[in-house]
4 protein chains.
Amino acid sequence: MANGGTEPALSAKRSLRHATRAERIAARREAILSAALNEFSARGFEAARLDDVAKRAGVVKGTIYQHFPDKEALFEELIRWMFRPLVGTLKANIDADMPARMILERVAELFVRDVYHTSRKEVMRLLIIDGVRFPRVADSYYREVVVPVNDAVRTLLRRALDRGEITENAMVRFPQLLVAPWVVAIVWRGLFEHLEPLDVRGLLRAHLDQLFGAGAAQDGP
Amino acid sequence: MANGGTEPALSAKRSLRHATRAERIAARREAILSAALNEFSARGFEAARLDDVAKRAGVVKGTIYQHFPDKEALFEELIRWMFRPLVGTLKANIDADMPARMILERVAELFVRDVYHTSRKEVMRLLIIDGVRFPRVADSYYREVVVPVNDAVRTLLRRALDRGEITENAMVRFPQLLVAPWVVAIVWRGLFEHLEPLDVRGLLRAHLDQLFGAGAAQDGP
Amino acid sequence: MANGGTEPALSAKRSLRHATRAERIAARREAILSAALNEFSARGFEAARLDDVAKRAGVVKGTIYQHFPDKEALFEELIRWMFRPLVGTLKANIDADMPARMILERVAELFVRDVYHTSRKEVMRLLIIDGVRFPRVADSYYREVVVPVNDAVRTLLRRALDRGEITENAMVRFPQLLVAPWVVAIVWRGLFEHLEPLDVRGLLRAHLDQLFGAGAAQDGP
Amino acid sequence: MANGGTEPALSAKRSLRHATRAERIAARREAILSAALNEFSARGFEAARLDDVAKRAGVVKGTIYQHFPDKEALFEELIRWMFRPLVGTLKANIDADMPARMILERVAELFVRDVYHTSRKEVMRLLIIDGVRFPRVADSYYREVVVPVNDAVRTLLRRALDRGEITENAMVRFPQLLVAPWVVAIVWRGLFEHLEPLDVRGLLRAHLDQLFGAGAAQDGP
DNA sequence: GATGAATGAGGGTTCATTCAT
DNA sequence: TATGAATGAACCCTCATTCAT
């Protein structure tokens, strides 16, 4: 799991010598996605310039159009490329046969390590705002990330309810309550981190304490 | 409280006949802010065109620059203009001498009615993303909204803790946990409402149930 | 002669207390001209903003239009206001009954003191370029300054020729040759002074040496 | 020498058919410079509109920015493009082993033909005024034109002094005196030509007569 | 006469997209 | 497939001028 979902770009860069033509093309495609990640993160979708994306990817602006039909499609593909590898890992964790709190602690740690401390958090922020203007992006994210995650969360909590590990069914009806602190953490970081840093792990643990009581946490970092 | 902080623009538009010069100027300023609210909400800060703002406000583009030095300053003032009137009402509610749950239910209702069901939710979304690029905006929002609200929340929950109304101090340490469902609701609405509508009141009530247990809610709608 | 043609603005500013209405209006008019002098000099006619002129004059933009029909007319009047007082002094010097070289040395000194070391040199530069686009300005300068000066110069040199003080009639045919070093000095100062300072008095004296030979100058500084 | 430094634009426009890609790009660059020459000359740097430059060059406004980073850089390059080819010819003439008067007559003719009767005179006028606001332009002109010319003039006149061809060293100390009539001619043409035409060749010859006496000129046109 | 808010016509510059090489 | 010059549609902002107070 350690490298489960980090930086797709990394694998694309190794050993361009001895690469087949197809591999070189794929590598270039990933270089563009990786550059887009950085530029979109730094400036937002509208303000990001394809010229800068190209420069960072080591290609020329026209080349981007060999791989993606337009700027919006590049954005869509970026979202998919960033989050698809993560969903599997997430589901695997949630479906594990362990006490709910332990699972949720692992999931929290997964979020911290593979989203909050990577550039994925930037992409989430991009999605939050620019998704409004690009329904296709939001739709694909909904299908590929939100629905699977929410379903898994519901299943998990229903089981926990049956087992008596929790007594409230709030989160079964509103799985969004589980990810709410994640969203807040990302938003806070973007806006107020320089004014008042936020202890994300503390925040997530406090949240679990609300759910399960402050009883001893299992599975320390 | 009902109309405590809604739509500053509305009052400004009535009866421009018989208005003094100063009143007409102020009205025009508010018309611009109101138009900016709509355009920025619909397209985001970057993509919004001042030409459209002007057209919607019934003035000419140059007039905007009589009232605001540039586009960014207009954005800043928009945030302030939208949220300043709300903070007082919010604090008054939180400081009331009532059981914590009742207070939080009232506050939730305030959010639903005066933010979620008004264009303020759009401004919050604007802040979330574009605030990153305009630290002054984020800073002023932090000082004028975040800090007062978080302080009030802390006081409230500490009192609730003392009185034995709750047993967890999670939210004292992380007042962000109270507003987390608000943020999620706003984000969800922007992205996924058309795919899966969200019952915001239900969400907030479920959240309170998590905190206090599902015991009878006081102060129904 | 010392104060013969300096800064028309100065006299306008004294004693606004006890001034009649007409005097106050005239003073304001001169304040605007003086401000225009500064702004036009610093930025050129096109780039100078009437808002800045107004600010510097201590009035509001609209007020300028009470005194001058438009920007171009302000420019025209500025030229006249700056140079008219100088022409009389200049002619008086040239017409004096003295040896030509002595007269020309006095005239050179007049140029250095009342043009080159005052803001008039800026106005001359303005005239040189922007005059091209505003023929009315050039025309009035031609009539009021160029023709009288050239006529006086011709008379002077014809007399000097008759008296045997000089042997060449070049300057009688081309009085422009007398002012050529003046023009060069002004241009040089605008462009290259910071790279290579120019000794203007030396330049003018060397020029006279060419005309009369290096024989002892009369009329030291 | 006849065509030594005239109109760089002319050669660039011939035969765009059968041109290599690089040649076409260079031709377009020159077309833009040539158009800028015309527009800047006609209206001045500030007032000239890049839209008109583009139209005249037969390109679209954006294309200008492919070749020059901004309007000012276009101006700078224009100056260099116009005068660089001339300096070599000028120095070659001055350094020739001939009597000083003959050399200066040839140089005068060079000025008349390749500056005064070409659009270079317009560029000189542009430099005179707008150079003040763009020191980089003035600086590069100083290095590339003024210094070489002044140095050559000094050398020439020192030699003439040694040979007894002249007796005054005024111009050795102030080489600006040689070009003073040039500057005056250009300024006069811009402002007063329509009121009183100026015989430039006569002016320059009269100037040489002042220096050498009216003795027979050598090397008529 | 003085004010200053309002006007409105561009101006320079940017940038996603196209296309000939 | 990659290139990068060319395109052209906007966009933000400026500023001379007007006019109601």
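Letters go in sequence order (proteins before strands), and every chain restarts at 1. All figures in this text were calculated on a predicted structure; none of them were measured in a lab.
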Q) Which atom names give the shortest non-hydrogen contact between C:A73 and C:D70, and what distance separates them? A) N-OD1, 3.0 Å
Q.
Does this structure show an ion pair linking B:E46 with A:R43, if we count only N-O contacts that are shorter than 4.0 Å?
A. no
Q: Measure the CH2-CG distance between D:W81 and D:L74 for me, rounded to the nearest 0.5 Å.
A: 10.0 Å
Q: Could you pull out all residues at least two apart from C:D139 that satisfy salt bridge (Lys or Arg N to Asp or Glu O under 4.0 Å)?
A: none
Q: Using chain B heavy atoms and a threshold of under 4.0 Å, write down where along DNA chain E the contacts begin and end, 5' to 3'.
A: E:dA5 to E:dG10
Q | Shortest non-hydrogen contact between A:S119 and A:L37, atoms and distance | A | OG-CD2, 3.3 Å
Q.
Minimum heavy-atom separation for B:G190 and B:R125, please, with both atom names.
A. CA-NH1, 4.0 Å
Q) When we call it a touch if two heavy atoms are under 4.0 Å apart, what does C:A48 touch: a base, just sugar-phosphate, or nothing? A) sugar-phosphate
Q: Enumerate the residues from residues 52-61 of chain C whose closest heavy atom to DNA chain E is under 4.0 Å, giving them by residue number; use none for an empty result.
A: C:V59, C:V60
Q: Specify the residue among D:R49 and A:D51 whose closest nucleotide of DNA chain E lies further upstream toward the 5′ end.
A: D:R49
Q.
Tell me every residue that passes ring pair (Phe, Tyr, Trp, His ring centres under 6.0 Å) with D:F134, counting only those two or more places apart in sequence or in another chain.
A. D:F45
**Q.** Below 4.0 Å: OP1/OP2 of F:dT7 and any side-chain N or O of D:R28
**A.** yes
Q | Nearest-0.5 Å distance, CG of residue A:L50 to OG1 of residue A:T63 | A | 11.5 Å
Q) Between B:E77 and B:R29, does at least one N-O distance fall below 4.0 Å, as a salt bridge requires? A) yes
Q. What is the minimum heavy-atom distance between A:V132 and B:L191, and which atoms define it?
A. N-CD2, 3.7 Å
Q.
Can you give me the closest heavy-atom contact between A:E39 and A:A48, atom names plus distance?
A. O-CB, 3.9 Å
**Q.** Secondary structure of DNA chain E in dot-bracket form (Watson-Crick or G-U wobble, distances below 3.5 Å, | marking inter-strand pairs)
**A.** .||||||||||||||||||||
Q. Counting only non-hydrogen atoms, which of residues 62-77 of chain C are less than 4.0 Å from DNA chain E?
A. C:G62, C:T63, C:Q66, C:H67
Q.
So, taking the atom named CG in D:N38 and the one named CG in D:D52, what distance separates them when rounded to the nearest 0.5 Å?
A. 11.5 Å
(Q) When you measure from the side chain of B:K61 to the backbone of B:V53, do you find a donor-acceptor pair of N or O atoms at a distance under 3.5 Å? (A) no
